[in-house]
Asks: 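Got a structure here, written out as structure tokens. Questions coming.
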Amino acid sequence: MNKLIEVSGASKSYGGVVANHDVSMDVPEGGITALIGPNGSGKTTLFNSIVGYHPIDAGSIKFEGQEISDLRVQQIARLGLLRTFQQTRIYGKMNCVQNMLISVPHRTASFADMFKKYPKEVTERAEHLLEFVGLYSKRKLLSGNLSFGQQKLLEFAMALMNEPKVLLLDEPTAGINPTLINGLIDRLKLANTEFGITLFVIEHNMRVVMNLADNIYCMAHGEMLAHGTPDQIQKDQRVIDAYLGAH
């Protein structure tokens, strides 16, 4: 299986605080990889470094064999590597369809008249993806009026609008009503299988991780602690001591 993301010996510090130290890991093409670990273990820092928000101090990050640790966020995004955030980044005063259209890659229209410029098939794709995440009936609703969980689903659909090769999801189920979580898991799996999008997920809900991922990494204190299948991770004493035993 091809390695889409390859992180080798990555380190990142903020002042005197070491957030990541000599981190190495791979994200294989076509799968769903999860990253777990206690709060403060360096997971989000690693995500931010991969997509260019906080470049690493040492080491290497490659995407499809190309070194990307020296590229800017937009350059990395154009390669097909995107991320979502713990706190949603949507346009609350626009409706759901408008949020989708503003996510279209390589848009050239001005902000004021961009919604008039898209071919019918682009709008239809936006509405299809809103239906995919269960928001079609709310497509004309201002996104600021959605629940937090629905806003996360919208952000997920906005990311899909970009047709990424790899999507990094930072705690996708956090703040979502428990009754919606199974539906979200199903949609993540479908995005992986039907759209061919490789997923790399930070998630604290271990039930979600075990149901979703086929490949799991565990971090602690800024370092990579363990790697394995869900069954292997559940039985790894280092993981139990550092993370699972605290839940």
Side-chain angles (χ1 to χ4, degrees), residues 3-28 31-63 67-71 73 76 81-89 152 166-176 181 185 188 198-247:
K3 300 173 182 177
L4 283 186
I5 299 174
E6 299 174 77
V7 180
S8 303
S11 295
K12 178 66 182 177
S13 297
Y14 299 97
V17 178
V18 179
N20 287 160
H21 174 66
D22 196 26
V23 173
S24 296
M25 55 88 60
D26 303 318
V27 176
I32 301 178
T33 298
L35 180 61
I36 65 172
N39 288 329
S41 60
K43 305 183 301 298
T44 296
T45 295
L46 180 60
F47 259 36
N48 285 336
S49 294
I50 289 172
V51 297
Y53 280 98
H54 300 296
I56 54 176
D57 302 323
S60 170
I61 301 176
K62 293 182 179 179
F63 180 59
E67 183 66 41
I68 61 170
S69 60
D70 55 348
L71 299 183
V73 173
I76 293 172
L81 202 163
L82 298 176
R83 69 158 294 178
T84 63
F85 295 84
Q86 293 179 32
Q87 298 300 320
T88 58
R89 298 190 174 189
K152 280 205 161 188
V166 182
L167 182 57
L168 283 67
L169 298 142
D170 197 347
E171 298 195 39
T173 69
I176 292 183
I181 289 179
I185 292 173
L188 291 174
T198 299
L199 300 180
F200 185 23
V201 184
I202 289 176
E203 181 56 60
H204 278 288
N205 186 323
M206 291 306 298
R207 182 180 67 83
V208 171
V209 171
M210 297 304 165
N211 287 338
L212 183 64
D214 43 48
N215 181 40
I216 302 174
Y217 286 87
C218 180
M219 291 187 70
H221 308 293
E223 299 182 350
M224 200 60 73
L225 182 68
H227 170 228
T229 64
D231 186 59
Q232 289 170 332
I233 288 295
Q234 287 184 93
K235 297 175 181 177
D236 193 307
Q237 192 60 46
R238 296 167 300 172
V239 178
I240 294 170
D241 291 342
Y243 182 50
L244 296 181
H247 287 250

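All values reported here derive from a predicted model rather than from experimental measurement. These values consider heavy atoms only, across backbone and side chains, with no hydrogens, waters or symmetry-generated copies. Residue numbers count from 1 along this sequence.
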Asks: List for me each residue that meets side chain to side chain donor-acceptor pair (under 3.5 Å) alongside Ser69, sequence neighbours excluded, and say none if there are none.
Replies: Glu67
Asks: Nearest 0.5 Å, please: how far is CG in Leu199 from CG in Leu169?
Replies: 6.0 Å
Asks: Could you list all the salt bridge (charged side-chain N to carboxylate O under 4.0 Å, His left out) pairs where at least one residue sits in residues 39-57, not counting sequence neighbours?
Replies: Lys12-Asp57
Asks: For Ala220 versus Ser41, what's the shortest heavy-atom pair and its separation?
Replies: CA-CB, 3.8 Å
Asks: If you round to the nearest 0.5 Å, how far is CG of Leu168 from CZ of Phe47?
Replies: 4.0 Å
Asks: Could you pull out all residues at least two apart from Thr229 that satisfy side chain to side chain donor-acceptor pair (under 3.5 Å)?
Replies: Gln232
Asks: Can you name the nearest heavy-atom pair linking Gly37 to Cys218, along with the distance?
Replies: CA-SG, 4.4 Å
Asks: With a 4.5 Å heavy-atom cut-off, do His204 and Asn39 have their side chains touching?
Replies: yes
Asks: List the residues meeting salt bridge (Lys or Arg N to Asp or Glu O under 4.0 Å) with Asp214, not counting sequence neighbours, and say none if there are none.
Replies: none
Asks: Pick one: which of Leu35, Ile233, Asp231, Ile32 meets side chain to side chain contact (heavy atoms under 4.5 Å, CB included) with Ile216?
Replies: Ile233
Asks: How would you list, by chain and number, every residue that makes a side chain to side chain contact (heavy atoms under 4.5 Å, CB included) with Glu203, sequence neighbours excluded?
Replies: Pro172, Thr173, Val201, Asn205, Val208, Val209
Asks: Rounded to the nearest 0.5 Å, what's the gap from CG on Leu188 to CG on Leu212? Could you check?
Replies: 5.5 Å
Asks: If I compare all heavy atoms of Met210 with all of Pro230, which pair ends up nearest, and what's the gap?
Replies: SD-CB, 3.5 Å
Asks: Report the distance from atom CE of Met206 to atom CG of Asn211, rounding to the nearest 0.5 Å.
Replies: 10.5 Å
Asks: When rounded to the nearest 0.5 angstrom, what is the spacing between CD1 in Ile181 and CZ in Arg207?
Replies: 6.0 Å
Asks: Has Lys62 got a side-chain atom pairing as donor or acceptor with Ser8's backbone, closer than 3.5 angstrom?
Replies: no
Asks: So which atom in Ala226 and which in Val239 form the shortest heavy-atom distance, rounded to 0.1 Å?
Replies: CB-CG2, 3.6 Å
Asks: Any luck finding a side-chain donor-acceptor pair between Asp26 and His227 under 3.5 Å?
Replies: no
Asks: Tell me, please, which residues at least two apart from Arg238 pass salt bridge (Lys or Arg N to Asp or Glu O under 4.0 Å).
Replies: Asp236
Asks: Using the side chain to side chain donor-acceptor pair (under 3.5 Å) criterion, which residues pair with Asp70? Sequence neighbours excluded.
Replies: none
Asks: Kindly write out the residues that satisfy side chain to side chain contact (heavy atoms under 4.5 Å, CB included) with Ile76, not counting sequence neighbours, or none if the list is empty.
Replies: Ile68, Leu71, Leu81
Asks: Not counting sequence neighbours, which residues clear side chain to side chain contact (heavy atoms under 4.5 Å, CB included) with Val18? List them please.
Replies: Ser13, His21
Asks: Working to the nearest 0.5 angstrom, can you tell me the gap between Ile36 CD1 and Met219 CE?
Replies: 11.5 Å
Asks: Taking only residues two or more places apart in sequence, or in another chain, which ones meet Thr33 in a side chain to side chain contact (heavy atoms under 4.5 Å, CB included)?
Replies: Val27, Pro28, Phe200, Asn215, Tyr217
Asks: Side chain of Ser24, backbone of Gly9: donor and acceptor closer than 3.5 Å?
Replies: yes
Asks: With a 4.5 Å cut-off on side-chain heavy atoms, are Thr45 and His54 touching?
Replies: no
Asks: Grab the two heavy atoms, one from Ala10 and one from Val7, that are nearest each other, plus how far apart they are.
Replies: CB-CG1, 3.5 Å
